[in-house]
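For reference, the structure discussed in these notes is given below.
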Amino acid sequence: MLLRLLAVLGLVVASASAGPTRSSKLIFLNEENWEDLLKGEWMIEFHAPWCPACKDLQKAWNAFADWSDDLGIKVGEVDVTVNPGLSGRFLVTALPTIYHVKDGVFRQYSGTRDKSDFISFVEDKKYRVIDPVPDYKHPNSKQMAVVAVFFKLSMAVRDLHNHLVEDKGIPSWASYGLFAGVTLALGCVLGFFIVIIIDQVFPTGPRKSQQAKKTEKKDTKKDSGTESPTKKNGNNNNTKETKKTK
């Protein structure tokens with residue numbers, strides 16, 4: 001009897017440590033399929049495996065996902081450690097972050113993080129009192145696509161730093177120095193090209209004075225090639241008088 005009790009307790013502890021059961025209705029979104037959010041109604045959560053608050057939310061979020069068919073919506077999640085570009089598109093600055101989406105209109109959810117509150121939020125259409133994300137912050141806008149690229153680059157730099165330090169055994173200060181040198185070099189090259197472009201478009205100094213002189217010469221030639229009507233009439237009259245005198 002004692003052995004059976006110990007076995008049951010062991011199963012309970014194992015199931016508790018394994019975490020909440022994943023809902024079969026929960027949709028995993030990534031860089032390739034995130035545009036599915038633009039159609040229909042969604043509730044989407046951004047999380048990270050290392051985030052304690054995200055772990056606490058998982059049970060309620062999976063339970064809420066089980067209700068997605070009854071509510072007529074889709075429930076999804078995004079792992080920002082795997083999809084840094086999406087965290088840039090949505091400007092995720094805190095975890096977990098939850099959005100409600102309906103026909104491409106995004107609103108950030110800031111209510112209580114409980115299954116019953118999620119259900120009430122959708123059923124009672126409480127999202128209507130929340131201001132939608134403005135156009136310039138819309139995840140599908142061009143400017144947010146640029147932000148997504150920068151987030152990807154920052155994640156790539158961080159991964160490269162970890163690879164150099166952890167796998168190659170390079171000291172952290174050397175890795176930081178390497179990145180600082182590369183950044184300065186790229187900045188110098190970029191600045192050089194910018195100066196060249198500006199100098200071509202808006203010339204200054206001797207080149208500007210030369211162009212001004214060329215312009216003055218052209219204007220002078222035009223003026224000399226065109227005589228005023230008064231001058232022409234005067235010349236004609238002088239010719240006539242000369243003929244009469246003869």
Side-chain angles (χ1 to χ4, degrees), residues 26-51 53-54 57 61 65 68 72-111 113 118 121-122 125-163 179-203:
L26 189 60
I27 300 173
F28 297 91
L29 295 171
N30 51 42
E31 302 280 355
E32 285 72 34
N33 65 354
W34 77 270
E35 290 185 348
D36 293 344
L37 292 170
L38 301 177
K39 299 177 181 178
E41 187 172 2
W42 289 74
M43 287 285 282
I44 180 73
E45 177 218 2
F46 292 82
H47 67 91
W50 47 262
C51 171
C54 301
L57 177 61
W61 194 251
S68 59
I73 68 168
K74 295 179 181 179
V75 180
E77 66 175 2
V78 176
D79 185 349
V80 296
T81 61
V82 182
N83 304 282
L86 291 184
S87 64
R89 281 186 180 275
F90 288 83
L91 286 180
V92 176
T93 57
L95 295 174
T97 294
I98 299 173
Y99 278 94
H100 172 270
V101 191
K102 187 174 177 60
D103 299 328
V105 179
F106 292 79
R107 294 177 172 88
Q108 187 168 354
Y109 175 85
S110 58
R113 296 166 184 173
F118 294 145
F121 181 80
V122 175
K125 298 183 179 181
K126 295 180 180 179
Y127 55 82
R128 290 183 296 186
V129 301
I130 302 175
D131 292 332
V133 173
D135 292 339
Y136 70 93
K137 285 186 179 180
H138 195 281
N140 201 33
S141 62
K142 293 181 180 179
Q143 52 268 29
M144 298 313 298
V146 174
V147 175
V149 172
F150 279 106
F151 269 67
K152 289 180 182 179
L153 288 176
S154 65
M155 184 63 70
V157 170
R158 192 192 70 174
D159 292 341
L160 179 58
H161 169 74
N162 293 335
H163 173 70
F179 285 120
V182 171
T183 302
L184 289 174
L186 291 176
C188 291
V189 173
L190 181 61
F192 175 74
F193 282 109
I194 291 175
V195 170
I196 292 177
I197 293 172
I198 292 175
D199 188 57
Q200 293 295 324
V201 178
F202 305 103

Rounded to the nearest 0.5 Å, how far does OG of Ser110 lie from CD1 of Ile130? 5.5 Å

Working to the nearest 0.5 Å, report the span between NZ of Lys74 and CG of Leu37. 9.5 Å

Given side chains that start at C-beta, do those of Leu29 and Phe46 come closer than 4.5 Å, heavy atoms only? no

Would you call Ile98 and Leu57 a side-chain contact if the rule is heavy atoms closer than 4.5 Å? yes

What pairs of residues pass the side-chain hydrogen bond (donor to acceptor under 3.5 Å, both in side chains) test when at least one of them lies in residues 77-104, not counting sequence neighbours? Arg22-Glu77, Glu41-His100, His47-Glu77, Asp79-Thr81

Side-chain (Trp42) to main-chain (Gly104) donor-acceptor, under 3.5 angstrom: no

May I ask you to test the Pro96-Trp61 pair for a side-chain heavy-atom distance under 4.5 Å? no

Counting only heavy atoms from other residues, nucleotides and ligands, does the tally under 6.0 Å from CZ of Phe150 exceed 12? no

Taking all non-hydrogen atoms of both residues into account, name the closest pair between Pro132 and Val105 and its distance. CB-CG1, 3.5 Å

Donor-acceptor contact present, side-chain Arg107 to main-chain Tyr127, <3.5 Å: yes

Which residue pairs pass the salt bridge (Lys or Arg N to Asp or Glu O under 4.0 Å) test when at least one of the two sits in residues 128-144, sequence neighbours left out? none

Can you check side chain to side chain contact (heavy atoms under 4.5 Å, CB included) on Ile44 and Val78, steps first, answer last? CA-CA 7 Å; Ile44 180 73; Val78 176; 3.8 Å; yes

Using modelled atom types only, decide if a donor and an acceptor are shared between the side chain of Asn30 and the backbone of Asn33 within a distance under 3.5 Å. yes

Evaluate the side-chain proximity of Val75 to Glu45: yes if any heavy-atom separation is below 4.5 Å, no if none is. no

Phe106: partners by ring pair (Phe, Tyr, Trp, His ring centres under 6.0 Å), with sequence neighbours left out: Phe90, His138

Non-hydrogen atoms of Val80 and Ala48 that approach each other most closely: CG2-CB, 4.0 Å

Between Gly88 and Val147, the two heavy atoms sitting closest are O-CG1, 3.4 Å

